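Because the structure is a prediction, the values reported are computed rather than measured. In the text below, chain A, chain B and the rest are named by the order of the sequence lines, each starting its count at 1.
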Amino acid sequence: MYSIDTPPLTVSGSVHVGHVFSFTHTDTVARYRRMRGFAVFYPMGWDDNGLATERRVQNFFGVRCDPQLQYDPSFVPPGGSPKDRSREVPASRRNFVELCARLVVEDEAKFEEMWRRLGLSVDWSVKPYVTIGATAQRASQRAFLRQLARGEAYKAEAPTLWDIDDRTAVAQAELEDREMPGAYHRLAFHGAADVIVETTRPELLPACVALVAHPSDERYQALFGTEVTTPLFGVRVPVLAHRLAEPDKGSGIAMICTFGDTTDVTWWRELQLPVRAIIERDGRLKADAPAGTSAAGADAYAELAGKTVKQARARIVELLGESGELLGEPRPITHSVKFYERGSRPLEIVTTRQWYIRNGGRDATLRDELLTRGKELHWVPPYMRQRFESWIEGLNGDWLVSRQRYFGVPFPLWYPLDANGDPDFESPLVPSEDLLPIDPEADVPAGYAEDQRYQPGGFTADPDVMDTWATSSLTPQIACGWEDDPDLFSRTFPMDLRPQAHDIIRTWLFSTVVRSHLEFGCLPWKNAAISGWVLDPDRKKMSKSKGNVVTPMEWLEKYGADAARYWSASGRPGTDTTFDENQLKVGRKLATKILNVAKFVLTTCGAAAEGDDGLDDPAHLSEELDHSLLASLDELVVDATESFEDYDYARALERVERFFWVFCDNYVELVKGRAYGSAGEAGGRSAAYALRRALSTLLRLLAPFMPYVTEEAWSWWHDGSLHVAAWPLSDAAAGRPARDAITSDGLVYEVAATVLSEVRKAKSTQKRSLATPVVRAVVSDTPERLAALESANADVRDAGKIRELVTVTVADGSAGVVVELAEPDEPAA
RNA sequence: GGGCGCUUAGCUCAGCUGGAAGAGCACCUCCCUUACAAGGAGGGGGUCGUGGGUUCGAGCCCCGCAGCGCCCACCA
């Protein structure tokens, strides 16, 4: 069994050329393993839950989810995306989820069509799993409940990175820094003397709870332990010392707000400061001024209440200007700001109650265990492990898995409501595993009745859904039938291969390792093959937003799937590859060549159309050139096999392709005449068998890359599929007898091809047809090479149309071929 | 700030444990030769980013530097 943890693609409308690229890499490995005799477990999945789908549904149907609404069975979405998002039609949660489910079915059908066309050797009779499906939900909920029971999952109220557009918490792994324009504003705080603070976020001034400077900063030594008053709002805040304050940044003293950034959170926690939050979950400032604001300050705050961050910033700058507490003009800078990776406005930090899963972010022991797992994993290419390690080493908290969204796996929990109707978050009501999956909004906890929902003394559902990675991190469990199919699970888990791109090492790869480590105490797979990205010719990552995406289907239609696969497989593991239409043309050329040479071998030298009988029997080979070709082919088999064992499909392809072209150009030309019978029956048989054996081997070596043309050619002389035929064995592995000295390597083949090449060169240089006869060719070379040439003398003369072949022994290094062509008017005969 | 990768022909890239610079594309020339004109045969073109070092010998090994890309951290 060889099992592959296929990436479940995010269903978001169209397949990207990058997907074709990386999925082809995996498919070449799958096909190789299958030919090696493995039962290849190669499931397909779709990642359809989560925010990506919700957004697509919003845009596609022109709706937005309003969980307050009642379900409307006759709801009809308007369709299309209104320019103004506020014109989106509200839909109940259930209606919204139904639309999501409807759209993903359509999208998944398109994806499957694409993968079939590309020739992915997935067993489509096994229904692809979907991350919103019952199996995935059951696995997600089971894994979560077990972690809850073991204390690895916990709920906490804490400052959280928050996306104000999607109105959900986001995890560290989903953050992205973006360079944004900003400005330093110099504010005057009032004490014995004014204290000048520089800030890029003046609108957070009403949320200021302290000033902080470095303990060793002499400028502020005297102020430590004293209080100052904030401008405009008249709030008294302490001046404190902390090592994280940097003397050379701004004026060296910072205002701590609840919360402007993650450093504020650290200061707030370590210095035990009060909360004075002003940002609501929709990104607007609260209606009321925070505690401690002076009467005059309350009037100023009223000017800001309800405004967005951007609006509030503009207004407070005006107010500070009027009060004289803004010193000088704001000084423009560029700085990096944290965004949700799919977001369009900067993240805020708000205090919310969320579920977390331990991932080593707050636990050195677990962190070390995960680093050890990373060392146990075989990485392809090896240096990708660095990304895994630097991610773990940079974790600053546990994994926030709850999302305030709708189209996802719900947390399978309820909370009892006390007499006042307030939930008791400390004593969640937990279902038994055999009831999973459950929807706490629809299902009722044991011991309660539906009419107790939301009632004092009754219960309420956990309103959140899991982050999509909380499900994706369980793809081995979901695909291998964890707890659902113990037999399959025991044979497929841990899996053999995780193929994926390098941009999701910190999310998918890491989180999958976390879940497997915590649940099973082992790695989820033995190997991780990391593919690169596809870059456009400007060396930028291809992406929709840049408008440079080529639809893969167009290329498949224009050049064929084999050509697209050829280009894909030329990208080495982990390496970003530039999209190059030329490579598709080259791939198509190779495909055509395969068909043509197969036609020649199988039909033109007709004798050989009865299958593989005797192909491994050297008794059929009477010519040393033919032995030599097969010796050379044997080296290729060894090389290609080793490359595949090392997951270096690109190297395997390169070697096989190179051999194939030389084979067509030289070997086929050399033996063509003999194959037609010019040297009698024995010589013809020898050529025919060597050609068939070489073709059989080459088709099998090329099968993982170009499944269509190789299968077509194979079908001309076999009944079964090439793709379940055996991968070629090397002579050593097959126990074939060693060849004698002169034919133990490719020397005869190499020397004969070299002489033929020199003859062609002479004809080409003299602008003569290749059919031109050679009156005399004089080959100067070492005795060893001349002996090799002599053994192929007839074939070389035949292929080069050489009347007289003369050899001259010379010292190593002064070899050469002198070619004397027939006169142009001399008849070819 | 820490780390990783890359830098070889005009372009895209191979060069495995060090042994006289390669492929394809593009360009130019020639060729309908009985597998292939949606083809074939040839040709020109590179001081292997840079400065040192090790070695009989370095594209490859060691040290430094530069450029490009990426990962992580920082975010007053």
Side-chain angles (χ1 to χ4, degrees), chain A residues 177 179-180 182 184-185 187 197-201 204 211-213 244-246 249-257 260-264 267 333 335-338 381-396 502-503 505-506 532-533 535 537 539-541 559 567 570-572 574-583 585-586 588-605 639 642-643 646 648 650-651 654-655 657-658 661 664-665 668-669 672-673 675-676 757 759-772 799 801 813 828:
Chain A
D177 289 349
E179 288 293 319
M180 299 290 289
Y184 274 122
H185 301 74
L187 307 186
V197 174
E198 291 203 79
T199 178
T200 56
R201 298 206 59 183
L204 290 180
L211 298 186
V212 65
L244 286 181
E246 295 184 32
K249 202 173 265 188
S251 58
I253 188 163
M255 69 178 200
I256 303 173
C257 305
D261 59 39
T262 52
T263 314
D264 278 346
W267 281 327
I333 56 160
H335 60 157
S336 62
V337 179
K338 281 196 192 311
Y383 59 79
M384 284 295 175
R385 196 180 74 207
Q386 285 291 335
R387 301 202 181 188
F388 178 82
E389 292 181 347
S390 46
W391 174 250
I392 291 178
E393 284 157 3
L395 286 170
N396 56 28
H502 54 60
D503 55 332
I505 288 173
R506 70 178 185 172
W533 279 341
L535 308 177
R539 314 244 56 172
K540 297 282 191 289
K541 185 194 177 190
Y559 296 106
W567 163 73
S570 69
R572 307 187 93 77
T575 305
D576 293 346
T577 301
T578 308
F579 182 78
D580 183 3
E581 190 172 346
N582 277 328
Q583 288 302 308
K585 294 179 184 168
V586 174
R588 185 176 58 175
K589 208 171 124 179
L590 174 60
T592 305
K593 192 77 169 180
I594 290 168
L595 293 174
N596 280 319
V597 78
K599 190 171 91 184
F600 169 76
V601 170
L602 297 175
T603 62
T604 309
C605 358
D639 197 346
E642 284 177 357
S643 299
D646 209 25
D648 197 347
R651 179 184 160 109
E654 189 228 322
R655 302 304 160 97
E657 184 196 11
R658 189 165 62 197
W661 282 106
C664 291
D665 293 346
V668 172
E669 293 302 325
K672 190 183 279 180
Y676 279 122
S757 185
V759 169
R760 283 195 296 238
K761 183 176 180 173
K763 293 176 181 176
S764 185
T765 307
Q766 293 175 48
K767 305 194 176 182
R768 304 288 298 279
S769 161
L770 288 181
T772 305
K801 306 203 186 320

Completion exercise
Applying side-chain hydrogen bond (donor to acceptor under 3.5 Å, both in side chains) to A/E581 and not counting sequence neighbours gives A/K558, A/Y559
Using a 4.5 Å cut-off on heavy atoms from C-beta on, say whether the side chain of [Y] contacts that of [X].
X      : Y      : value
A/W533 : A/D503 : yes
A/K761 : A/V759 : no
A/I505 : A/H502 : yes

Identify whether any heavy atom of [X] sits under 4.0 Å from a base atom; if not, whether one sits that close to sugar-phosphate; answer base, sugar-phosphate or nothing.
X      : answer
A/K672 : base
A/L187 : nothing
A/E642 : nothing
A/S570 : nothing
A/K249 : base
A/C664 : base
A/A245 : base

Under-3.5 Å N/O pairs linking protein and nucleotides 71-73 of chain B:
from, atom 1, to, atom 2, distance (Å)
B/C72, OP1, A/R506, NE, 3.4
B/C72, OP1, A/R506, NH1, 2.8
B/C72, O2', A/S390, O, 3.4
B/A73, OP1, A/Q172, NE2, 3.1

Between the protein and nucleotides 39-46 of chain B, which nitrogen or oxygen pairs are less than 3.5 angstrom apart?
from, atom 1, to, atom 2, distance (Å)
B/G40, OP1, A/K593, NZ, 3.4
B/A41, OP1, A/D665, OD1, 2.9
B/A41, OP1, A/D665, OD2, 2.9
B/A41, O3', A/R760, NE, 2.9
B/A41, N3, A/S764, OG, 3.3
B/G42, OP1, A/S757, O, 3.4
B/G42, OP1, A/S757, OG, 3.2
B/G42, OP1, A/R760, NE, 3.3
B/G43, OP1, A/K761, NZ, 3.0

Nearest-angstrom distance, [atom1] atom, [N] to [M]:
N     : M     : atom1 : answer
B/U47 : B/G51 : P     : 13 Å
B/U50 : B/A66 : P     : 16 Å
B/A21 : B/G5  : C1'   : 24 Å
B/G10 : B/U55 : C1'   : 35 Å
B/G59 : B/G18 : C1'   : 10 Å
B/G53 : B/G46 : P     : 27 Å
B/C48 : B/U8  : C1'   : 4 Å
B/G15 : B/A9  : P     : 15 Å

To the nearest Å, give me how far apart [atom1] ([X]) and [atom2] ([N]) are.
X      : N     : atom1 : atom2 : result
A/I594 : B/C36 : CD1   : C1'   : 13 Å
A/D580 : B/C11 : CG    : P     : 13 Å
A/R658 : B/C16 : CZ    : C1'   : 11 Å
A/D639 : B/G15 : CG    : P     : 11 Å
A/I256 : B/C75 : CD1   : C1'   : 15 Å
A/K599 : B/A37 : NZ    : P     : 8 Å
A/R651 : B/A23 : CZ    : C1'   : 15 Å
A/W567 : B/U12 : CH2   : C1'   : 12 Å

Who pairs with [X] by salt bridge (Lys or Arg N to Asp or Glu O under 4.0 Å), at least two apart in sequence or on another chain?
X      : result
A/E642 : none
A/D639 : A/R651, A/R655
A/K338 : A/D177
A/R506 : none

Please name all residues satisfying side-chain contact (heavy atoms from CB on, under 4.5 Å) with [X], sequence neighbours left out, ordered by chain then number.
X      : result
A/R760 : A/N666, A/E669, A/L756, A/S757, A/L770
A/N396 : A/Q172
A/K249 : A/Y184, A/E246
A/L595 : A/V709, A/E712, A/W716

Exercise for the section: May I ask you to evaluate whether A/R572 reaches the phosphate of B/G15, defined as a side-chain N or O under 4.0 Å from OP1 or OP2? Expected result: yes
Problem - side-chain N/O A/T578 vs B/C13 OP1/OP2, d < 4.0 Å - result: yes
Practice task
Return the 5'-most residue of the pair A/T262, A/V586 with respect to RNA chain B, ranking by each residue's nearest nucleotide.
Solution key: A/V586
Handout entry: Exam field: side chain A/K763 to backbone A/A771, donor-acceptor pair closer than 3.5 Å
Key = no
Problem - Side chain of A/E669 - closest among B/C74, B/C36, B/G5 - result: B/C36
Handout entry: Shortest side-chain distance from A/R588, nucleotide among B/C13, B/A38, B/C74
Key = B/A38
Completion exercise
Taken to the nearest 0.5 Å, the spacing of A/N582 CG from A/W567 CH2 works out to 13.0 Å
Fill in the blank from the handout: Dot-bracket for RNA chain B, 5' to 3', Watson-Crick and G-U pairs with both distances under 3.5 Å, [ ] for crossing pairs, | for partner on another strand, reads (((((((..((((.....[..)))).(((((.......))))).....(((((..]....))))))))))))....
